[in-house]
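Just so you know, these numbers come straight off a predicted model, no measurement behind them. Numbers for residues simply follow the sequence, beginning at 1.
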Amino acid sequence: VQLQASGGGLVQAGGSLRLSCAASGTFDMGSMAWFRQAGGKEREFVAHIGQSGGAKWYADSVKGRFTISMDMRKNTMYLQMNSLEPEDTAVYYCSAHLRARLIYSAARDAGMYEYWGQGTLVTVSS
């Protein structure tokens, strides 16, 4: 399984970006998610989506601003990020857990995901 993340960049506060995560090697993913890691901090959960496109869960810090989606024909997950804030600056990672969809509490745990993309840097200037 390979995950290829893209779409990061530099944007001003209040702006938008859309991240993509293209998956290859399997179509048997139960859960996919975005995490992020800012300098000197631990990796944190951002958003989750089930393989069927349901089970969309978000971190409180991004709820109402970010939207996770999936194009099953392209086997690609997206993260639409609006109203970006300087605090959103981080490397964003996409991840996948095979077969069964994770339950709500487990979906927020980075340790539950077997596969990771390489990360894409998002920088939000004030």
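Under the 4.5 Å side-chain heavy-atom criterion for grouping Ile, Leu, Val, Met, Phe, Trp and Tyr, Tyr78 is not connected to Met72 through any hydrophobic cluster. In terms of hydrophobic clustering, with Ile, Leu, Val, Met, Phe, Trp and Tyr side chains grouped at heavy-atom distances under 4.5 Å, Leu121 and Leu3 are assigned to different clusters. Under a hydrophobic-cluster definition in which Ile, Leu, Val, Met, Phe, Trp and Tyr are linked whenever side-chain heavy atoms come within less than 4.5 Å, directly or via other members, Met77 and Tyr115 are assigned to the same cluster. Hydrophobic clustering (ILVMFWY, side-chain heavy atoms < 4.5 Å, transitive): Val62 and Phe45 are in distinct clusters. Val124 and Val91 end up in different hydrophobic clusters when Ile, Leu, Val, Met, Phe, Trp and Tyr side chains are linked at under 4.5 Å.
With Gln118 contributing its side chain and Ala5 its backbone, the two residues share a donor-acceptor pair below 3.5 Å. Judged purely by atom type and a 3.5 angstrom limit, Thr120 uses its side chain to pair as donor or acceptor with the backbone of Gly8. Side chain of Glu114 to backbone of Leu98: a donor-acceptor contact under 3.5 angstrom is found. Side-chain atoms of Ser20 never come within 3.5 Å of backbone atoms of Ser6 as a donor-acceptor pair (strictly under, hydrogens ignored). With hydrogens and angles ignored, the 3.5 Å screen pairs no side-chain donor or acceptor of His48 with any backbone N or O of Lys56.
In this structure, Arg65 and Asp88 have side chains that are in contact, with non-hydrogen atoms separated by less than 4.5 Å. Looking at Arg18 and Leu79, their side chains never come closer than 4.5 Å, going by heavy atoms from C-beta outward. Cys21 has its side chain within reach of Met32: a pair of non-hydrogen atoms, C-beta onward, lies under 4.5 Å apart.
For the residue pair Thr76 and Asp71, no side-chain donor N or O sits within less than 3.5 Å of a side-chain acceptor on the partner.
The OH atom of Tyr92 sits 12.0 Å away from the CD atom of Gln37 when rounded to the nearest 0.5 Å. Atoms CZ and CD, on Arg36 and Glu44 in that order, are 4.5 Å from each other to the nearest 0.5 Å. The CD1 atom of Ile49 sits 11.5 Å away from the CE atom of Met29 when rounded to the nearest 0.5 Å. In this structure, CH2 on Trp34 lies 8.0 Å from CE on Met81, to the nearest 0.5 angstrom. Between Leu19 atom CG and Gln80 atom CD the span is 9.0 Å, to the nearest 0.5 Å.
Between Leu10 and Ser125 the shortest heavy-atom distance is CD1-CB, 4.4 Å.
Residues satisfying the side chain to side chain contact (heavy atoms under 4.5 Å, CB included) test with Lys41, not counting sequence neighbours, are Ala38. The side chain to side chain donor-acceptor pair (under 3.5 Å) test applied to Arg101 returns no partner, not counting sequence neighbours.
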Is there a side chain to side chain contact (heavy atoms under 4.5 Å, CB included) between Tyr113 and Ser31? Walk through the geometry before answering.
CA-CA 8 Å; Tyr113 295 85; Ser31 285; 4.3 Å; yes
Verdict with reasoning, Ser95 to Phe35, per side chain to side chain contact (heavy atoms under 4.5 Å, CB included):
CA-CA 8 Å; Ser95 60; Phe35 287 78; 3.6 Å; yes
I'd like to know whether Thr89 forms a side chain to side chain contact (heavy atoms under 4.5 Å, CB included) with Leu84, so could you lay out the CA-CA distance, the side-chain angles of the two residues, the decisive distance to 0.1 Å, and finally the verdict.
CA-CA 9 Å; Thr89 295; Leu84 282 162; over 6 Å; no
Determine whether Val46 and Tyr58 satisfy the following criterion, side chain to side chain contact (heavy atoms under 4.5 Å, CB included), listing intermediate values before the conclusion.
CA-CA 6 Å; Val46 175; Tyr58 299 91; over 6 Å; no
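Aromatic ring orientation, Tyr93 versus Trp116: perpendicular (interplanar angle above 60°, classes split at 30° and 60°).
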